[in-house]
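To start, the structure itself, in structure tokens.
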2 protein chains.
Amino acid sequence: MGIREVAKEAGVSVATVSRVLNHSGYVKEETYQKVIAAIRRLNYVPNGVARSMVKGSTRTIGLILPDITNPYFPMLARGVEDAAITQGYLVILCNTDNNPDTEAMYLSMLREKCVDGLVYVSSSSSTDHVRAFARHLPVVWVDRMPVGVEGDVVAGDDLLGGYLATRHLLSLGRRRIAFIAGPDGLMTAEERERGYRLALKEAGLVPEDELMARGDFQFASGRRAMTEILGRTRPDALFASNDLMALGAMEVIAEAGYRIPGDIAVVGYDNIMFARLAKPPLTTVEQPSYLIGVTACEVAMERIARRELPVQKKLFKPTLVVRASTQGERE
Amino acid sequence: MGIREVAKEAGVSVATVSRVLNHSGYVKEETYQKVIAAIRRLNYVPNGVARSMVKGSTRTIGLILPDITNPYFPMLARGVEDAAITQGYLVILCNTDNNPDTEAMYLSMLREKCVDGLVYVSSSSSTDHVRAFARHLPVVWVDRMPVGVEGDVVAGDDLLGGYLATRHLLSLGRRRIAFIAGPDGLMTAEERERGYRLALKEAGLVPEDELMARGDFQFASGRRAMTEILGRTRPDALFASNDLMALGAMEVIAEAGYRIPGDIAVVGYDNIMFARLAKPPLTTVEQPSYLIGVTACEVAMERIARRELPVQKKLFKPTLVVRASTQGERE
DNA sequence: TTGTATGCGTTATCAA
DNA sequence: TTGATAACGCATACAA
């Protein structure tokens, strides 16, 4: 059953049915009621595909992110979806695992599906696919924008976050502050490291290689990195560039017989739900991930509506959440 | 640029272009190459919307769940998406917060968008909306099917899970086993409770009201429920019907000065990522949530392909993961 | 092996 | 205020 059957049932033309459906044009109250009644009787639902075709818009946005299973992303995704639905947009979820091939595949599928825009939590290299895509469609970059690509971006201020975390440890009198870096080439991770270095420098300290190791933002890599570090030196603090790695590191620290924060104070990043449940509760840098998601989606929808808008860059300030992993007392 | 321009560029008809696009019908190798070349030159991407219209299929499935922010769901969602993509399906994510109005809204949007099928992690009441919807479209119910609705269902065996958890505590010699129930009317929750009661009964015990409280599967409600229970009695074990509530309860237990598992042994349900990071690590019933997601999506795609297939019910056995919250030793 | 023409279910333009 | 009809971009039946 399509608009045709409804028209016949109501004894009017398809044009009239379309008008009542879209509240467009003039239609007599009486006719309106007839059509509404027919729609009810037939339990008619307009076909969005046909509508999309003629309107040139699908009211759909794609959300591309590394892995919804990573505890940082659900909040962000939720923000995107909540914002989308307020304007009648639906969101298609795509997990890329940071795999460029997977990214490329989703990109081409989304383009073919004619999504109206994209919220893109990129993580790895900027491929040509991405660049080409961004020319065709509104793309809002979250947390990271590949080099050489212009566009809207919504992100947390990771430089500031790294700086705050490190400053906090310094203010506690810690001087040998270990650092677990994130994936190489990932802007988010690099900025946090820059913040770390900046704070050290301000304090007249020099970052030492033996205090640093690299992880991939997963729990297990936090364990590995901390094992590495403890194997060659003895820090009095740790700043891990995300909570998952911080949690992994804390396990290793405890297993090695050190006390947190007595021997080693620990700061993470993200304030995922379980940071406060850790033993001891983890001091961390909180990002307003829900808000970031909401904002990214809003920017995307704005741009969809007005392609010629000036480029927007929105940076959200992180805040330090101090807990027992640095303070020694219960939250 | 549509198929027309490609046809002109290649010097053939649109039908031929369509044929090479779909690998259908016969086309001479030479012609094939010409068309491919034209597609490349024009950087042509077929319009999926138009294709959907004529094919009557969007290669899209809707995933409806309570809240992606709840740590149980990301894995499930990931499973659904991974399965979907293997057959070229995209998935639309919908968070309902268990709100019937929100469910109804998404349902009607998804129907209008002409998704080919639905994976439905329902939680609350079966509304008429849902029932009407299920008649129009393949729906696979995950973990719960509203009463009065026929259809495919993929779920964990919660009765068995509740039984296993309780039996484990009983085998440890515990006799006063507290229980934190899930939301009223939620099948998953009720089955776990049935398992609890069954095990008690088998052991010749009678469930006591003072040992039971109800939560809503959120962390905070675990705290509340445990506070309630400890306020009126003194159990020697706790089975919480999900990990989040178990974690909340553990906090309260510790704050009250009891030792886990010495005074009170604790078992949760789900084996979310952070169960093993809790202090002490939480014994829990593991559901193969990723597999459940994969399977649900596969069943949905099967039914999309063959509507007349017999109804499928797939129940996944849970397994008990024993950790220090009941055993007293490190994992 | 290829081309022509029709229809998918809407919206929008133009006439009436 | 309403109706007839031409797109929208593609797949496909049928003809050639």
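Convention: sequence-line order gives letters A, B, ...; per-chain numbering from 1. Note that these values count all heavy atoms, side chains included, but never hydrogens, waters or copies made by symmetry.
Across B:Gly48 and A:Cys114, no two heavy atoms sit closer than the pair N-SG, 4.4 Å.
At least one donor-acceptor pair under 3.5 Å links the side chain of B:Lys313 to the backbone N or O of B:Gly151. Between the side chain of A:Glu5 and the backbone N or O of A:Gly2 there is at least one donor-acceptor pair closer than 3.5 Å. Judged purely by atom type and a 3.5 angstrom limit, A:Lys113 uses its side chain to pair as donor or acceptor with the backbone of B:Thr58. Panel note: side chain B:Arg51, backbone B:Pro46; no donor-acceptor pair is recorded below 3.5 Å.
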Intermediate values then yes/no, side chain to side chain contact (heavy atoms under 4.5 Å, CB included), B:Val119 and B:Ile64: CA-CA 6 Å; B:Val119 172; B:Ile64 299 194; over 6 Å; no
Do A:Tyr32 and A:His23 pass the side chain to side chain contact (heavy atoms under 4.5 Å, CB included) test, and can you show the C-alpha distance, the side-chain angles, and the key distance before you say yes or no? CA-CA 10 Å; A:Tyr32 181 88; A:His23 306 97; 4.1 Å; yes
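Residues B:Tyr290 and B:Asp82 have side chains that bring a donor and an acceptor to within less than 3.5 angstrom of each other. If you check the side chains of A:Glu302 and A:Gln312, you find a donor sitting under 3.5 Å from an acceptor.
For the contact set between residues 46-61 of chain A and DNA chain D, defined by any heavy atom under 4.0 Å, the members are A:Met53, A:Val54. Remark: B:Ala15, B:Ser18, B:Asn22 in residues 4-38 of chain B come within less than 4.0 Å of DNA chain D through at least one heavy atom.
Crowding of B:Arg41 atom CZ: a count of heavy atoms from other residues, nucleotides or ligands under 6.0 Å exceeding 12. With a 6.0 Å radius and a threshold of 12 heavy atoms from other residues, nucleotides or ligands, B:Met75 has its CE atom at or below the threshold.
In summary, contact between chain A and DNA chain C, defined as any nucleotide atom under 4.0 Å from a heavy atom of the protein, begins and ends at C:dG9 to C:dA12 in the 5' to 3' direction. Running 5' to 3' along DNA chain D, contacts with non-hydrogen atoms of chain A at under 4.0 Å begin and end at D:dT1 to D:dG9.
For the helix from C:dT1-D:dA16 to C:dA16-D:dT1, the rotation axes defined at the first and last 5 base pairs enclose an angle of 40°, given to the nearest 10°.
Looking at A:Tyr120 and A:Val142, their side chains never come closer than 4.5 Å, going by heavy atoms from C-beta outward. Considering only heavy atoms from C-beta on, B:Tyr44 comes within 4.5 Å of B:Ile3 through its side chain.
Between B:Arg59 and B:Asp116 no salt bridge is recorded (no basic side-chain N to carboxylate O distance below 4.0 Å).
Scored by the salt bridge (charged side-chain N to carboxylate O under 4.0 Å, His left out) test, A:Asp216 finds no partners at all (sequence neighbours excluded).
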